[in-house]
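Following: one structure in structure tokens, then a few remarks.
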Protein chains: 2
Amino acid sequence: MTPQEATRTQRIPLNRDRVLRAAVALADATGIDALSMRRLAQELGVVPMALYKHVANKEELLDGMVDAVVGEIDPPASGPDWQRVVRGRILSARRVLLRHPWAARVIESRTGPTPAVLAYLDSMAGSFRDGGLSADLTHHVMHAMGSRLLGFSQELFDASGPSGPPDPGLAARYPHIAELAATAAHDGGSTVGGGCDDQFEFEFTLDLLLDGFENLRRQGWTSARKA
Amino acid sequence: MTPQEATRTQRIPLNRDRVLRAAVALADATGIDALSMRRLAQELGVVPMALYKHVANKEELLDGMVDAVVGEIDPPASGPDWQRVVRGRILSARRVLLRHPWAARVIESRTGPTPAVLAYLDSMAGSFRDGGLSADLTHHVMHAMGSRLLGFSQELFDASGPSGPPDPGLAARYPHIAELAATAAHDGGSTVGGGCDDQFEFEFTLDLLLDGFENLRRQGWTSARKA
DNA sequence: ACCATAGGTGTACGGCGTACACTCGTCAAG
DNA sequence: CTTGACGAGTGTACGCCGTACACCTATGGT
């Protein structure tokens, strides 16, 4: 086999998707700390700088990996019981994050939410709204779920729009998020800026859990596992 | 001023505490990504390798920083109302983590819990026990709180003892944690190893929140802020 | 007066992300 | 068929990182 033939057969010319998939696979196999541009390039049989024709830099690579992983989460089921719908979706998200143990930390390390994350959050908010929760309640409920159960940390929400007037068209793409942002904006409570009252959100979740715990305590709750 | 005098006056010979405090201050001021051994050494007017006489490596430096920060959390107040006690303590922890925005991520990135974190968790568990919650319920409640509200992620708990028989003496130092570990061990449910049933803990929290949300919804809950 | 020791130094290595200039294969226009 | 633009992959190089290792030097106990 001549070198040219060898070259010709192995060229499958490498596109952004192949790069992202290889990156996810490498992170799954060897951990996120072992994922370097150089190592990834080697895995793809290519020189490190070749990757930069497909991703701008490592940050964008990580963004792409996050989107790939979040894209694995099942779409919401349909049904009349909103708790069932939300529960199933979140358990699907949890399964995805268990498949990619590095993902939760990477998601939390992103400075701004990526499109797939926004879409996921938007559709989740939609499930609450469809279940009959008010936009107001949905807003706080989303914050509460952000307390790790969604896999995403709190700050993710705030980062969505710190700059000036909201991008029109964003409301069209993510209607539920836009609705939540609106409710946050027009109840000009304790915060000065346009953002959410983080302190309120935190205490909302905290008190909800504490009351729940107290109820369980009063009922003499026990985990009742089959021993 | 001779060089010797200059040397003598500026020598405050640098100990582990000064290193840790400088590291925390540097991370507070410039962000955790800008905290490098070289930069920190420069801040202390010293050559990079000098730091290694006081911390074994960067991981241990980060451990030390975590302990320093967690040590800032107020001790639990005393009082008959356990919800008040826990609430106050957690809000203190939150204030600390807001003062050191890098800390939450660093804490979650540690592979094993540091002594101050263990002490904090132990004393928190003690507050629940003192409030009358059973050891069993306290166990799950701690997991639920670990869902970000404590500032620490879930996995922190599991890491506490994956290896063999538990260290005797640890039970003496952290009695409540030992108690929780015991309840986890002897209800040999769905898990094979000695650890917790993560799935159960996750769903426990999830269902608690969901039921809380549904109750709020039924009551037509509204955030009732003074507009 | 001696020397062990603890704290600080200097040099060096391998790995990282990536800027920049290049080569080379492909393909459309002349 | 020639040409030349262009996109994909290359090679070299820079500055940062953590840290191993050998060295110096002041201090304090004998």
Side-chain angles (χ1 to χ4, degrees), chain A residues 1-24 26-27 29-66 102 105-106 109-111, chain B residues 1-24 26-27 29-66 102 105-106 109-111:
Chain A
M1 183 187 285
T2 74
Q4 294 88 332
E5 282 171 337
T7 303
R8 200 178 312 131
T9 54
Q10 80 193 34
R11 272 285 161 272
I12 318 170
L14 189 64
N15 53 41
R16 188 181 156 94
D17 249 43
R18 285 222 311 135
V19 170
L20 293 181
R21 267 210 289 277
V24 168
L26 186 54
T30 68
I32 195 67
D33 290 340
L35 175 75
S36 69
M37 298 300 273
R38 296 170 125 101
R39 184 97 175 62
L40 175 57
Q42 178 182 323
E43 208 74 11
L44 287 162
V46 109
V47 89
M49 286 311 293
L51 300 176
Y52 289 86
K53 301 290 182 185
H54 306 281
V55 297
N57 48 49
K58 191 174 184 182
E59 287 298 290
E60 199 196 278
L61 175 76
L62 292 173
D63 282 350
M65 292 170 68
V66 165
W102 48 271
R105 199 169 331 164
V106 173
S109 77
R110 302 298 80 205
T111 54
Chain B
M1 184 187 289
T2 73
Q4 293 89 330
E5 281 172 338
T7 304
R8 200 177 314 130
T9 55
Q10 80 194 32
R11 272 285 160 272
I12 318 171
L14 188 65
N15 53 40
R16 188 182 155 95
D17 248 42
R18 282 219 316 134
V19 169
L20 294 182
R21 266 210 290 277
V24 168
L26 186 55
T30 67
I32 194 67
D33 290 341
L35 175 74
S36 68
M37 298 300 274
R38 295 170 125 101
R39 188 95 174 61
L40 175 58
Q42 178 181 324
E43 209 75 12
L44 287 163
V46 111
V47 91
M49 286 311 293
L51 301 176
Y52 289 86
K53 301 290 182 182
H54 305 282
V55 297
N57 49 49
K58 191 174 184 182
E59 288 298 291
E60 200 196 277
L61 175 76
L62 292 173
D63 282 350
M65 293 169 69
V66 165
W102 48 271
R105 200 170 330 162
V106 172
S109 76
R110 302 298 79 204
T111 54

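In the text below, chain A, chain B and the rest are named by the order of the sequence lines, each starting its count at 1.
- At a threshold of 4.5 Å between non-hydrogen side-chain atoms, the residues B:Met65 and B:Val106 do not count as touching.
- The distance from atom CG of B:Leu40 to atom C1' of D:dC17 is 14 Å, rounded to the nearest whole Å.
- Note that the CG atom of A:Leu20 and the CG atom of A:Leu62 stand 10.0 Å from one another [nearest 0.5 Å].
- Between the CG atom of A:Asp33 and the P atom of D:dC17 there is a distance of 18 Å, rounded to whole Å.
- Residues B:Ile32 and B:Trp102 share a closest heavy-atom pair of CB-CB, 3.7 Å.
- Rounding to whole angstrom units, CD1 of residue A:Ile32 and P of C:dG17 are separated by 11 Å.
- Residues passing the side-chain contact (heavy atoms from CB on, under 4.5 Å) test with A:Arg21, sequence neighbours excluded: A:Asp17.
- Taking atom CG of A:Leu51 as the reference point, atom P of C:dC16 lies 13 Å away to the nearest angstrom.
- Residues satisfying the salt bridge (charged side-chain N to carboxylate O under 4.0 Å, His left out) criterion with B:Arg110, sequence neighbours excluded, are B:Glu59, B:Asp63.
- Going from atom CD of B:Gln42 over to atom P of D:dG18 covers 13 Å, rounded to whole Å.
- The heavy-atom pair separating A:Leu51 from A:Met37 by the smallest distance is CD1-O, 3.2 Å.
- Using a 4.0 Å cut-off, some side-chain N or O of A:His54 falls inside it from OP1 or OP2 of D:dG9.
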Revision key, fill the gap. Reading nucleotides 19-27 of chain D from 5' to 3' and marking B where a protein heavy atom lies under 4.0 Å of the base, S where only the sugar-phosphate is that close, and - otherwise, the string is BBB------
